Amino acid sequence: MKKITINDLLAWKKEGRKFASVTAYDASFGKLFEEQEMPVVLVGDSLGMVLQGKADTLDVSVEDLAYHTRSVRAGNSQSLLMTDMPFMSYATPEEACQNAATLMRAGANMVKLEGGAFLADTVRMLTERAVPVCAHLGLTPQSVNIFGGYKVQGRDHDAAEQMVKDAILLAKAGAQIILLECVPGDLAERITQAVDVPVIGIGAGNKTDGQILVMHDMFGISANYMPRFSKNYLQETGDLRTAVSRYIEEVQQGSFPGPEHTF
Ligand code: KIV
(Lines give C-alpha, C1' and ligand atoms only; values in the text may rest on other atoms or scores of the structure.)
Protein backbone atom coordinates (compact mmCIF):
# COMPACT_ATOMS: atom_id res chain seq x y z
CA MET A 1 0.00 0.00 0.00
CA LYS A 2 1.35 3.44 -0.85
CA LYS A 3 1.55 6.04 1.88
CA ILE A 4 -1.74 7.95 2.17
CA THR A 5 -1.72 11.69 2.79
CA ILE A 6 -4.37 14.36 3.02
CA ASN A 7 -3.69 15.11 -0.69
CA ASP A 8 -5.02 11.65 -1.63
CA LEU A 9 -8.22 12.25 0.34
CA LEU A 10 -8.69 15.66 -1.28
CA ALA A 11 -8.20 14.16 -4.75
CA TRP A 12 -10.68 11.37 -3.93
CA LYS A 13 -13.26 13.92 -2.80
CA LYS A 14 -12.91 15.73 -6.14
CA GLU A 15 -13.24 12.44 -8.04
CA GLY A 16 -16.22 11.33 -5.92
CA ARG A 17 -14.28 8.25 -4.78
CA LYS A 18 -15.44 7.13 -1.33
CA PHE A 19 -13.00 5.79 1.28
CA ALA A 20 -13.16 3.75 4.47
CA SER A 21 -11.47 4.27 7.80
CA VAL A 22 -11.45 2.46 11.12
CA THR A 23 -10.15 2.80 14.65
CA ALA A 24 -7.12 0.82 15.87
CA TYR A 25 -5.26 0.70 19.14
CA ASP A 26 -2.35 -1.74 18.68
CA ALA A 27 0.38 -2.80 16.26
CA SER A 28 -1.22 -6.09 15.18
CA PHE A 29 -4.47 -4.51 14.01
CA GLY A 30 -2.52 -1.53 12.68
CA LYS A 31 -0.63 -3.97 10.45
CA LEU A 32 -3.74 -5.95 9.46
CA PHE A 33 -5.47 -2.73 8.39
CA GLU A 34 -2.42 -1.64 6.41
CA GLU A 35 -2.30 -5.04 4.68
CA GLN A 36 -5.95 -4.59 3.70
CA GLU A 37 -5.13 -1.06 2.39
CA MET A 38 -7.19 0.92 4.87
CA PRO A 39 -6.42 4.53 3.92
CA VAL A 40 -7.21 6.21 7.26
CA VAL A 41 -6.82 4.81 10.78
CA LEU A 42 -7.94 6.60 13.94
CA VAL A 43 -6.50 6.02 17.39
CA GLY A 44 -9.76 6.99 19.05
CA ASP A 45 -10.45 7.90 22.65
CA SER A 46 -13.16 5.24 22.24
CA LEU A 47 -10.34 3.13 23.71
CA GLY A 48 -11.70 4.28 27.08
CA MET A 49 -14.83 2.24 26.33
CA VAL A 50 -13.64 -0.65 24.16
CA LEU A 51 -10.24 -1.30 25.81
CA GLN A 52 -10.66 0.07 29.33
CA GLY A 53 -14.33 -0.88 29.76
CA LYS A 54 -15.44 2.57 30.96
CA ALA A 55 -18.92 4.01 30.37
CA ASP A 56 -17.51 7.02 28.49
CA THR A 57 -14.29 8.48 27.08
CA LEU A 58 -13.60 11.09 29.76
CA ASP A 59 -10.92 9.24 31.70
CA VAL A 60 -8.62 8.74 28.69
CA SER A 61 -5.35 10.65 28.98
CA VAL A 62 -2.87 12.15 26.50
CA GLU A 63 -0.40 9.49 27.70
CA ASP A 64 -2.92 6.70 26.89
CA LEU A 65 -3.38 8.08 23.39
CA ALA A 66 0.36 8.58 22.85
CA TYR A 67 1.00 4.97 23.94
CA HIS A 68 -1.63 3.55 21.57
CA THR A 69 -0.55 5.87 18.72
CA ARG A 70 3.02 4.61 19.08
CA SER A 71 1.72 1.01 19.07
CA VAL A 72 -0.43 1.42 15.94
CA ARG A 73 2.34 3.30 14.15
CA ALA A 74 4.77 0.46 14.92
CA GLY A 75 2.58 -1.85 12.83
CA ASN A 76 1.38 0.58 10.21
CA SER A 77 3.54 3.14 8.42
CA GLN A 78 1.30 3.79 5.41
CA SER A 79 -2.24 4.73 6.54
CA LEU A 80 -2.98 8.34 7.40
CA LEU A 81 -2.99 8.09 11.19
CA MET A 82 -5.31 10.37 13.17
CA THR A 83 -5.27 10.50 16.95
CA ASP A 84 -7.94 11.89 19.25
CA MET A 85 -7.11 14.68 21.64
CA PRO A 86 -8.76 13.54 24.86
CA PHE A 87 -11.19 15.37 27.13
CA MET A 88 -9.81 18.74 28.41
CA SER A 89 -6.48 18.35 26.59
CA TYR A 90 -7.40 21.27 24.27
CA ALA A 91 -9.23 23.51 26.76
CA THR A 92 -6.96 26.40 25.67
CA PRO A 93 -5.04 26.83 22.40
CA GLU A 94 -1.76 26.66 24.34
CA GLU A 95 -2.67 23.35 26.01
CA ALA A 96 -3.82 22.06 22.64
CA CYS A 97 -0.41 22.84 21.09
CA GLN A 98 1.52 21.16 23.88
CA ASN A 99 -0.63 18.02 23.92
CA ALA A 100 -0.88 17.79 20.12
CA ALA A 101 2.93 17.87 19.96
CA THR A 102 3.05 14.79 22.22
CA LEU A 103 0.63 12.93 19.90
CA MET A 104 2.42 14.00 16.70
CA ARG A 105 5.76 12.89 18.18
CA ALA A 106 4.13 9.52 18.95
CA GLY A 107 3.40 9.06 15.24
CA ALA A 108 0.09 10.78 14.46
CA ASN A 109 -0.30 12.56 11.12
CA MET A 110 -3.31 14.53 12.36
CA VAL A 111 -5.16 15.19 15.61
CA LYS A 112 -8.94 15.16 16.08
CA LEU A 113 -10.81 17.63 18.30
CA GLU A 114 -14.48 17.53 19.27
CA GLY A 115 -16.47 20.75 19.03
CA GLY A 116 -17.80 23.60 16.91
CA ALA A 117 -17.10 27.27 16.25
CA PHE A 118 -15.54 27.85 19.68
CA LEU A 119 -12.55 25.78 18.49
CA ALA A 120 -11.74 28.00 15.50
CA ASP A 121 -8.81 29.79 17.21
CA THR A 122 -7.43 26.49 18.46
CA VAL A 123 -7.65 24.94 14.98
CA ARG A 124 -5.92 27.98 13.47
CA MET A 125 -3.18 27.91 16.09
CA LEU A 126 -2.53 24.19 15.58
CA THR A 127 -2.53 24.26 11.78
CA GLU A 128 -0.31 27.35 11.64
CA ARG A 129 2.12 25.42 13.82
CA ALA A 130 2.18 22.36 11.52
CA VAL A 131 -0.39 20.18 13.31
CA PRO A 132 -3.12 19.00 10.89
CA VAL A 133 -6.59 18.92 12.45
CA CYS A 134 -9.77 16.90 11.99
CA ALA A 135 -12.84 18.63 13.50
CA HIS A 136 -15.44 16.23 14.97
CA LEU A 137 -19.04 17.57 14.96
CA GLY A 138 -22.47 16.14 15.77
CA LEU A 139 -22.48 13.61 18.60
CA THR A 140 -19.19 14.49 20.28
CA PRO A 141 -18.85 11.78 22.95
CA GLN A 142 -16.72 13.95 25.28
CA SER A 143 -19.87 16.11 25.72
CA VAL A 144 -22.04 13.17 26.83
CA ASN A 145 -22.86 14.92 30.11
CA ILE A 146 -23.98 18.08 28.30
CA PHE A 147 -26.12 16.07 25.84
CA GLY A 148 -27.56 13.87 28.61
CA GLY A 149 -26.68 10.69 26.69
CA TYR A 150 -25.49 9.46 23.30
CA LYS A 151 -28.16 11.07 21.10
CA VAL A 152 -28.43 11.94 17.42
CA GLN A 153 -27.52 15.63 16.92
CA GLY A 154 -28.72 18.24 14.39
CA ARG A 155 -32.28 16.99 14.14
CA ASP A 156 -33.94 20.39 14.54
CA HIS A 157 -33.60 23.30 12.12
CA ASP A 158 -31.47 25.60 14.32
CA ALA A 159 -29.06 22.86 15.38
CA ALA A 160 -28.67 21.74 11.77
CA GLU A 161 -27.97 25.31 10.55
CA GLN A 162 -25.43 25.79 13.34
CA MET A 163 -23.64 22.57 12.37
CA VAL A 164 -23.36 23.66 8.74
CA LYS A 165 -21.92 27.04 9.89
CA ASP A 166 -19.51 25.32 12.30
CA ALA A 167 -18.20 22.99 9.58
CA ILE A 168 -17.60 25.86 7.16
CA LEU A 169 -15.93 27.98 9.85
CA LEU A 170 -13.66 25.17 11.05
CA ALA A 171 -12.63 24.29 7.50
CA LYS A 172 -11.81 27.99 6.92
CA ALA A 173 -9.82 28.00 10.17
CA GLY A 174 -7.69 25.19 8.71
CA ALA A 175 -9.36 21.88 9.62
CA GLN A 176 -8.37 19.42 6.89
CA ILE A 177 -11.03 16.80 7.67
CA ILE A 178 -14.52 17.13 9.17
CA LEU A 179 -15.90 14.08 10.99
CA LEU A 180 -19.67 13.85 11.57
CA GLU A 181 -21.04 11.43 14.14
CA CYS A 182 -24.72 10.52 14.50
CA VAL A 183 -26.36 13.20 12.39
CA PRO A 184 -29.27 12.83 9.96
CA GLY A 185 -28.12 11.65 6.53
CA ASP A 186 -29.48 14.71 4.68
CA LEU A 187 -27.61 17.11 6.98
CA ALA A 188 -24.37 15.14 6.51
CA GLU A 189 -24.86 15.34 2.74
CA ARG A 190 -25.36 19.12 2.95
CA ILE A 191 -22.20 19.58 5.00
CA THR A 192 -20.22 17.32 2.64
CA GLN A 193 -21.23 19.56 -0.28
CA ALA A 194 -20.64 22.80 1.68
CA VAL A 195 -16.95 22.24 2.45
CA ASP A 196 -13.96 21.53 0.20
CA VAL A 197 -12.28 19.23 2.73
CA PRO A 198 -13.10 15.51 3.04
CA VAL A 199 -16.00 14.66 5.36
CA ILE A 200 -15.97 11.32 7.18
CA GLY A 201 -19.20 10.02 8.68
CA ILE A 202 -20.23 7.54 11.35
CA GLY A 203 -23.96 7.15 11.74
CA ALA A 204 -24.29 9.95 9.16
CA GLY A 205 -25.58 8.17 6.06
CA ASN A 206 -23.74 7.22 2.88
CA LYS A 207 -23.36 10.63 1.23
CA THR A 208 -20.19 11.66 3.07
CA ASP A 209 -16.79 11.29 1.38
CA GLY A 210 -15.60 8.66 3.84
CA GLN A 211 -16.90 6.37 6.57
CA ILE A 212 -15.42 5.30 9.88
CA LEU A 213 -16.26 2.46 12.27
CA VAL A 214 -14.95 1.54 15.69
CA MET A 215 -13.09 -1.74 14.98
CA HIS A 216 -14.76 -3.55 17.88
CA ASP A 217 -18.18 -2.72 16.35
CA MET A 218 -17.04 -3.83 12.88
CA PHE A 219 -16.03 -7.19 14.39
CA GLY A 220 -19.04 -7.38 16.74
CA ILE A 221 -16.86 -7.72 19.85
CA SER A 222 -17.63 -4.47 21.72
CA ALA A 223 -17.98 -4.74 25.48
CA ASN A 224 -20.75 -2.14 25.18
CA TYR A 225 -23.86 -2.30 23.02
CA MET A 226 -23.71 -2.45 19.20
CA PRO A 227 -24.76 0.91 17.71
CA ARG A 228 -27.59 0.78 15.19
CA PHE A 229 -25.46 2.54 12.55
CA SER A 230 -22.71 -0.09 12.69
CA LYS A 231 -22.40 -3.47 10.98
CA ASN A 232 -20.87 -6.73 12.17
CA TYR A 233 -18.69 -7.67 9.20
CA LEU A 234 -17.01 -10.54 11.03
CA GLN A 235 -20.33 -12.31 11.53
CA GLU A 236 -21.12 -11.80 7.85
CA THR A 237 -17.75 -13.05 6.52
CA GLY A 238 -16.37 -15.34 9.26
CA ASP A 239 -12.81 -14.04 8.82
CA LEU A 240 -11.05 -10.90 10.08
CA ARG A 241 -9.28 -9.99 6.83
CA THR A 242 -12.33 -10.65 4.65
CA ALA A 243 -14.42 -8.61 7.09
CA VAL A 244 -12.11 -5.63 6.61
CA SER A 245 -11.95 -5.93 2.82
CA ARG A 246 -15.77 -6.33 2.61
CA TYR A 247 -16.21 -3.14 4.70
CA ILE A 248 -13.78 -1.22 2.43
CA GLU A 249 -15.57 -2.49 -0.71
CA GLU A 250 -19.05 -1.66 0.56
CA VAL A 251 -17.96 1.88 1.49
CA GLN A 252 -16.36 2.39 -1.93
CA GLN A 253 -19.53 1.13 -3.65
CA GLY A 254 -21.76 3.27 -1.40
CA SER A 255 -23.72 0.24 -0.17
CA PHE A 256 -22.60 0.76 3.44
CA PRO A 257 -24.11 2.44 5.35
CA GLY A 258 -27.56 1.42 4.09
CA PRO A 259 -30.90 3.00 5.02
CA GLU A 260 -31.11 0.72 8.08
CA HIS A 261 -27.88 2.33 9.43
CA THR A 262 -28.98 5.92 8.72
CA PHE A 263 -30.90 8.45 10.84
O1 KIV B 1 -13.01 7.75 19.44
C2 KIV B 1 -13.46 7.27 18.40
O3 KIV B 1 -13.36 6.09 18.12
C4 KIV B 1 -14.15 8.17 17.49
C5 KIV B 1 -14.96 7.53 16.40
C6 KIV B 1 -16.28 7.12 16.92
C7 KIV B 1 -15.09 8.43 15.23
O8 KIV B 1 -14.12 9.36 17.65
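Side-chain atoms are counted along with the backbone in the values below, which use heavy atoms only and exclude waters and symmetry mates. Keep in mind that what you see is a predicted model, and the values were worked out from it rather than measured. For the single chain, residues carry numbers from 1 onward in sequence order.
Applying the 6.0 Å contact sphere to CZ of Arg105 captures no more than 12 heavy atoms from other residues, nucleotides or ligands. Heavy-atom neighbours of Glu260 CD from other residues, nucleotides or ligands within 6.0 Å: above the threshold of 12. Within 6.0 Å of CD in Gln98 there are 12 or fewer heavy atoms belonging to other residues, nucleotides or ligands. Within a 6.0 Å sphere centred on CG of Asp196, heavy atoms belonging to other residues, nucleotides or ligands number 12 at most. Heavy-atom neighbours of Phe263 CZ from other residues, nucleotides or ligands within 6.0 Å: above the threshold of 12. More than 12 heavy-atom neighbours from other residues, nucleotides or ligands sit within 6.0 angstrom of NZ on Lys3.
When atom types are taken as modelled, the side chain of Thr140 and the backbone of Leu137 share no donor-acceptor pair closer than 3.5 angstrom. Not a single donor-acceptor pair under 3.5 Å links the side chain of Arg246 to the backbone N or O of Thr242. At least one donor-acceptor pair closer than 3.5 Å links the side chain of Thr23 to the backbone N or O of Met215. In this structure a side-chain-to-backbone donor-acceptor pair under 3.5 Å is present from Asp209 to Val199. Distance alone, capped at 3.5 Å, is enough to place a donor-acceptor pair between the Arg73 side chain and the Asn76 backbone. Here the side chain of Ser89 pairs a donor or acceptor atom with the backbone of Pro86 at under 3.5 angstrom. Using modelled atom types, one side-chain atom of Ser21 and one backbone atom of Gln211 make a donor-acceptor pair closer than 3.5 Å. Between the side chain of Lys207 and the backbone N or O of Gly185, no donor-acceptor pair lies under 3.5 Å. Remark: side-chain polar atoms of Ser255 are not paired, donor with acceptor, to backbone N or O of Val251 under 3.5 angstrom. With hydrogens and angles disregarded, no donor-acceptor distance shorter than 3.5 Å links the side chain of Ser79 to the backbone of Leu81.
Under the 4.5 Å side-chain heavy-atom criterion for grouping Ile, Leu, Val, Met, Phe, Trp and Tyr, Val197 is not connected to Ile212 through any hydrophobic cluster.
Across all their heavy atoms, Pro132 and Met104 have their closest contact at CD-CE, 3.6 Å. When every heavy atom of Asp84 is checked against every heavy atom of Asp45, the shortest pair comes out as OD2-N, 2.7 Å. Taking each heavy atom of Gln142 and Glu114 in turn, the nearest pair found is N-OE1, 2.8 Å. Of all non-hydrogen atoms in Ala173 and Val123, the two that sit nearest each other are O-CG1, 3.8 Å. Taking every heavy atom of both residues into account, Ala100 and Leu126 meet most closely at CB-CD2, 3.7 Å. Closest of all the heavy-atom pairs between Asp64 and Asp59 is OD2-O, 4.1 Å.
Between His216 and Tyr25, the gap from one ring centroid to the other is short of 6.0 Å.
For the 3.5 Å distance criterion, the side chains of Ser71 and Asp26 fail to qualify, holding no donor opposite an acceptor.
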Chi angles and distances behind the side-chain hydrogen bond (donor to acceptor under 3.5 Å, both in side chains) call for Thr69, Thr83: CA-CA 7 Å; Thr69 299; Thr83 295; 2.9 Å; yes
Go through the steps to decide whether Val40 and Phe33 satisfy the test side-chain contact (heavy atoms from CB on, under 4.5 Å), and finish with yes or no. CA-CA 9 Å; Val40 181; Phe33 294 142; over 6 Å; no
Begin with the C-alpha distance, continue with both residues' side-chain angles, and end with the deciding distance and a verdict on side-chain hydrogen bond (donor to acceptor under 3.5 Å, both in side chains) for Asp166 and Gln162. CA-CA 6 Å; Asp166 285 355; Gln162 187 59 51; 2.8 Å; yes
Do Gln78 and Ile4 pass the side-chain contact (heavy atoms from CB on, under 4.5 Å) test, and can you show the C-alpha distance, the side-chain angles, and the key distance before you say yes or no? CA-CA 6 Å; Gln78 303 300 86; Ile4 302 298; over 6 Å; no
Quick one: do Gln153 and Glu181 satisfy side-chain contact (heavy atoms from CB on, under 4.5 Å)? Show the steps, please. CA-CA 8 Å; Gln153 301 295 308; Glu181 178 166 355; over 6 Å; no
Could you go through Leu58 and Met88, starting from their C-alpha distance and side-chain angles, then the distance that decides it, and tell me whether this counts as side-chain contact (heavy atoms from CB on, under 4.5 Å)? CA-CA 9 Å; Leu58 304 192; Met88 277 299 151; over 6 Å; no
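Using a 4.0 Å cut-off between charged nitrogen and carboxylate oxygen, Glu250 and Lys18 do not count as a salt-bridge pair.
The salt bridge (Lys or Arg N to Asp or Glu O under 4.0 Å) test applied to Lys31 returns Glu35, not counting sequence neighbours.
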